[in-house]
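Following: one structure in structure tokens, then a few remarks.
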Amino acid sequence: MKRYGLIVIGAGPSGLSAAIESAKRGVEVVVFDENARPGGQLFKQIHKFFGSKEHHAKIRGFHIGEELLKEAQEAGVQVVLNATVIGLYQDKEVVVRIGECVHHYKADAIIIATGASENMVTFDGWTKPGVIGAGAAQTMMNLHGIKPGERVLMLGSGNVGLVVSFQLMQSGCEVVALVDAAPKIGGYGVHAAKVARTGVPFYLSHTIVEAEGEEHVTGVTIAEVDERFRFIPGTEKHFDVDTICLAVGLSPMSQLLKMAGCDMEDNPKRGGQVPLCNERGETSLSGIFVAGDVSGIEEASSAMIEGRIAGISAACYLGYLSETERDAEQEKQEQALEGLRQGMFAPKNKGKTLTQTEEGIAISTNLLRHGYLTDEEVERYPGVTHRAGIHPIMECTQNIPCNPCQDACPKKCIKIGEKITSLPAVQEEATCIGCGLCVASCSGQAIFLVDETYKPGYASVTLPYEFLPLPKQGDKGIALNRKGEPCCAAEVVSVRTAAAFDHTSLLTIQVPADMAMKARFFRTEEAV
């Protein structure tokens with residue numbers, strides 16, 4: 001039976017981060033993962049991350065995965081794939097199935113980073129082919145290049161439902177509706193807004209009645225629900241679809257921790273059955289640590305930091321650094337983690353209904369209910385100004401921990417300040433040069449460059465654009481407003497791509513002058 005200093009179970013963002021921190025300090029580390037490739041969910045995530053530089057802000061998930069794999073290799077981490085851990089027993093014995101063989105290993109310390117599994121909901125027809133989880137859809141699209149369907153209905157308006165809806169459209173699917181039984185959108189408003197302006201309608205306080213079809217999904221019926229989530233007769237709505245995508249939350253995969261005998265608790269705020277652990281990620285069993293979604297559902301950025309804390313703690317437990325060194329390193333990581341746990345979506349605000357931003361501005365009820373800001377609402381935020389010449393318009397209206405736009409602007413036109421959750425504001429004395437770096441850097445695609453005096457009778461609007469095929473200069477089409485409705489004719493003035501934009505193209509369109517603050521998406525005449 002082979003023995004390791006540290007066994008990490010799970011090669012996702014938290015597991016790899018933990019392994020790296022321990023290996024850098026001299027620990028012999030092996031990582032077991034049941035999948036054919038390491039990286040966990042990161043390689044499905046083609047969107048840009050929020051946060052700051054230390055949180056990999058404005059970097060796409062799969063790039064972060066590549067960086068972690070490189071870092072792990074350089075640190076000497078051994079990663080064993082297609083290796084399913086089927087048992088965790090006393091004295092830190094780990095049983096792993098690799099191929100047709102079962103192997104037994106022992107470790108001086110163990111870190112469990114098994115992540116989470118998708119939740120499902122039941123309704124008539126929920127087992128028909130064509131009903132899939134959002135994670136499965138991401139796997140099909142972003143790992144295997146397969147369209148999950150042609151016409152898709154999304155159930156769930158959290159960040160996963162919003163992000164995957166957008167990615168479904170990027171892959172060529174038509175998202176016919178985004179549905180949620182809750183009375184308000186659960187994810188970031190900027191994610192909802194980029195979906196809404198493409199024309200996808202939101203049905204809040206609605207859920208699925210039935211998936212239709214004999215051998216596979218051919219349609220779906222939804223209905224409005226009351227405050228007790230009971231169907232309201234007469235509110236049924238039908239959609240012809242071939243795919244129903246479910247994004248209704250995640251549950252920690254904590255089975256191994258139960259098997260090992262760790263003290264557990266049922267904590268709905270953390271996603272379900274989770275282990276009791278201290279601030280270093282150590283469970284009730286000495287030398288067994290946890291990191292990532294298995295200890296509570298959060299974003300991947302938080303999971304990576306939790307992984308680093310667990311890796312540092314395990315290295316200290318094994319004697320590779322002192323408690324003083326551990327505490328100093330942990331404090332740095334906790335400061336980074338605390339930065340992500342601020343703002344309107346902080347764990348402390350889960351379940352609360354907030355009515356104002358940290359700046360005292362009324363929160364948009366239309367955004368929460370329908371996914372877009374009204375023309376009147378957008379004017380009350382500090383990122384929206386009017387002036388002659390080109391200038392940024394930042395339709396970022398919620399206190400989210402994110403600041404890459406401030407760092408991206410070479411002329412310091414944008415200010416967020418020391419508090420990472422503050423709403424971005426325009427620096428009136430600065431002069432925008434129209435470089436577009438702020439537009440490309442915004443993880444929520446909520447920044448636009450507007451020139452209200454572009455030429456007599458016309459304004460120009462520069463949009464973030466991540467669809468193929470790219471429009472070409474001179475293409476004529478229709479501009480859509482924040483609701484996704486056609487608002488005016490538009491012509492493409494320029495299309496800019498650059499390595500610094502990281503696959504976000506800058507599409508500049510010419511629209512009538514009175515549409516400068518309305519036009520937020522573009523469709524060519526062929527696509528209309």
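Just so it is clear, the structure is predicted and the values come from calculations on it, not from any experiment.
- Under the ring pair (Phe, Tyr, Trp, His ring centres under 6.0 Å) criterion, Phe123 pairs with no residue, sequence neighbours left out.
- Every residue two or more places apart in sequence or in another chain that forms a ring pair (Phe, Tyr, Trp, His ring centres under 6.0 Å) with Phe239 is listed here: Tyr203.
- With sequence neighbours excluded, the residues forming a side-chain contact (heavy atoms from CB on, under 4.5 Å) with Val160 are Ala134, Val164, Ala247, listed by chain and number.
- Residues passing the side-chain hydrogen bond (donor to acceptor under 3.5 Å, both in side chains) test with Gln255: none are found, sequence neighbours excluded.
- Residue pairs meeting the salt bridge (Lys or Arg N to Asp or Glu O under 4.0 Å) criterion with at least one member in residues 71-92, sequence neighbours excluded: Glu71-Arg308.
- Residues that satisfy the salt bridge (charged side-chain N to carboxylate O under 4.0 Å, His left out) test with Glu298, not counting sequence neighbours, are Arg341.
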Side chains of residues 276-283: which donor-acceptor partners sit under 3.5 Å, not counting sequence neighbours?
unit_1, atom_1, unit_2, atom_2, d
Asn278, OD1, Arg280, N, 2.9
Asn278, OD1, Gly281, N, 3.2
Asn278, OD1, Glu282, N, 3.0
Glu282, OE2, Gly287, N, 2.9
Thr283, OG1, Leu285, N, 3.2
Thr283, OG1, Leu285, O, 3.3
Thr283, OG1, Ile288, O, 2.9

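- Looking at residues two or more places apart in sequence or on another chain, you find a side-chain contact (heavy atoms from CB on, under 4.5 Å) between Glu338 and Gln342.
- Residue pairs that meet the salt bridge (Lys or Arg N to Asp or Glu O under 4.0 Å) test with at least one member in residues 97-120, sequence neighbours left out, are Arg3-Asp108.
- Within the structure, no pair that satisfies the salt bridge (Lys or Arg N to Asp or Glu O under 4.0 Å) test touches residues 232-243, not counting sequence neighbours.
- Listed by chain and residue number, Lys147, Pro148, Val152, Leu168, Ser171 satisfy the side-chain contact (heavy atoms from CB on, under 4.5 Å) test with Cys173 (two or more places apart in sequence, or in another chain).
- Legend: residues meeting side-chain hydrogen bond (donor to acceptor under 3.5 Å, both in side chains) with Ser254, ordered by chain and number and at least two apart, are absent.
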